[in-house]
Amino acid sequence: MTRLIKFTLLAFLLCTPISLFAQQKQFSLELGLNHPINFENRNISNDAAGLYLQSHWKSNKHPLVFNLLLAYNQYTVAKKDVFVIPNSTGGTAIYFDRYFKSGALRLIPSLRYEILHRDKFDLYGEIGVGVSHTEIEDGLFNSDARYYMSTMPRVGAILFNHFNVSLEYYLFNKDLNRGTISIGYLF
C-alpha cells in the first residue's frame, strides 16, 4: 500500500509542473498516427502504421516552435538482388526484389516556422536532425539494428488548434529513405 502511495505521489509531483507549464500555452503535447507513403517503390506495405509523440515549445513573440519528436513506424523494404544460374556460356542472371519487414524508432529535435497563422488554421514548415534506430529482418545489413543520423523536412497544417496533419520525409540511408503522412491531436 505504501508503494502505491509513493508511486501516486511521485507521479503527481512529476505531472504538476508539466501541467502548470502547459497552461501557459507555451508547451503542448501531440499524440498521433503515421503511415508510410510509397516513394520510389521503397515502402511496399499498405498495412504498416506507427505512433508518435511530439512535444512543442512555443514562444509568444516569435513564429518559431521547438519540437522534440519520438516516432515509431513499420514498413517493408525492397532490395534488388541477383541470382546466377550457371550454364555452359557462363551463367544466366535473374534479377529480383527481396522484401524485408523493418521498423524505425526516431528521436528528432526540430524547429518549426509558422508560415501562415490564423485563428483556426496554421500552416508550417519544419526541419529536424536526429537519430533513427532501424531494425531490418533477414540480414539486409551485417547486424540486425543500426543507428543512423536522420534529417526530417516536414510541411503541415494545424486545424482548429488541435488537429495536426503533416507530410514528412526521413533522409538517413539511401535504401531506407521514406515519407510518411501523420495525423495527430495536440493536448
Side-chain angles (χ1 to χ4, degrees), residues 7-39 42-43 45-76 102-135 147-173 176-187:
F7 178 74
T8 306
L9 184 61
L10 180 63
F12 178 72
L13 288 174
L14 289 175
C15 293
T16 301
I18 293 172
S19 64
L20 289 174
F21 192 58
Q23 290 176 10
Q24 297 175 3
K25 296 293 183 186
Q26 294 176 339
F27 176 79
S28 61
L29 287 175
E30 178 181 348
L31 183 63
L33 299 172
N34 57 29
H35 191 277
I37 299 172
N38 193 359
F39 285 126
R42 290 190 177 141
N43 299 314
S45 60
N46 293 324
D47 59 347
L51 291 171
Y52 72 92
L53 177 67
Q54 185 167 358
S55 59
H56 307 273
W57 288 276
K58 182 177 183 175
S59 169
N60 291 331
K61 300 176 185 176
H62 305 288
L64 296 175
V65 178
F66 176 75
N67 298 319
L68 184 61
L69 171 72
L70 179 64
Y72 176 77
N73 70 334
Q74 294 179 333
Y75 51 94
T76 302
S102 180
L105 180 65
R106 294 174 305 280
L107 182 64
I108 300 177
S110 61
L111 191 61
R112 180 175 79 198
Y113 181 77
E114 293 181 347
I115 300 166
L116 178 67
H117 181 69
R118 300 285 186 253
D119 282 342
K120 301 200 185 255
F121 180 79
D122 292 337
L123 186 63
Y124 66 87
E126 185 174 340
I127 186 77
V129 177
V131 65
S132 176
H133 175 77
T134 304
E135 297 179 282
Y147 288 94
Y148 296 100
M149 184 173 161
S150 178
T151 304
M152 177 202 67
R154 172 191 277 180
V155 294
I158 298 175
L159 309 170
F160 305 107
N161 295 324
H162 289 286
F163 297 101
N164 186 4
V165 178
S166 63
L167 176 67
E168 52 268 348
Y169 192 75
Y170 296 98
L171 302 159
F172 55 101
N173 177 302
L176 301 175
N177 291 342
R178 67 191 169 280
T180 61
I181 188 164
S182 300
I183 299 172
Y185 184 80
L186 281 91
F187 296 95

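The shortest distance between side-chain heavy atoms of Arg154 and Tyr124 falls below 4.5 Å. Side-chain atoms of Phe27 and Ser55, non-hydrogen and from C-beta on, do get closer than 4.5 Å to each other. At a threshold of 4.5 Å between non-hydrogen side-chain atoms, the residues Asn161 and Leu186 do not count as touching. By the 4.5 Å heavy-atom criterion applied to side chains, Asn67 and Val65 are counted as neighbours. Two residues are said to be in side-chain contact when any heavy atoms from C-beta on lie closer than 4.5 Å; Phe121 and Ile158 fail this criterion.
For Leu51, the side-chain contact (heavy atoms from CB on, under 4.5 Å) partners two or more places apart in sequence, or in a different chain, are Leu33. In this structure Tyr185 satisfies the ring-ring contact (aromatic ring centres under 6.0 Å, His included) test together with His162, Phe163, Phe187, sequence neighbours excluded. Listed by chain and residue number, nothing satisfies the ring-ring contact (aromatic ring centres under 6.0 Å, His included) test with Tyr113 (two or more places apart in sequence, or in another chain). Evaluation of the side-chain contact (heavy atoms from CB on, under 4.5 Å) rule for Val155 yields Leu167 as partners, not counting sequence neighbours. Annotation: ring-ring contact (aromatic ring centres under 6.0 Å, His included) contacts of Phe66 (sequence neighbours excluded): Trp57.
Using modelled atom types, one side-chain atom of Tyr52 and one backbone atom of Gly184 make a donor-acceptor pair closer than 3.5 Å.
Counting all heavy atoms, side chain and backbone alike, Thr180 lies closest to Pro36 at CG2-CA, 4.0 Å. Closest approach of Thr134 and Ala104 over heavy atoms only: OG1-CB, 4.0 Å. What you find for Asn34 and Ala71 is that their closest heavy atoms are ND2-CB, 4.1 Å.
Rounding to the nearest 0.5 Å places CG of Leu31 at 6.0 Å from CG of Leu53. Note: Ser28 OG to Lys58 NZ = 9.0 Å, rounded to the nearest 0.5 Å.
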Residues 105-112, side-chain donor-acceptor partners within the protein, below 3.5 Å, at least two apart:
| unit_1 | atom_1 | unit_2 | atom_2 | d |
| --- | --- | --- | --- | --- |
| Arg106 | NH1 | Asn73 | OD1 | 2.9 |
| Arg106 | NH2 | Tyr170 | OH | 3.4 |
| Ser110 | OG | Glu126 | OE2 | 2.4 |

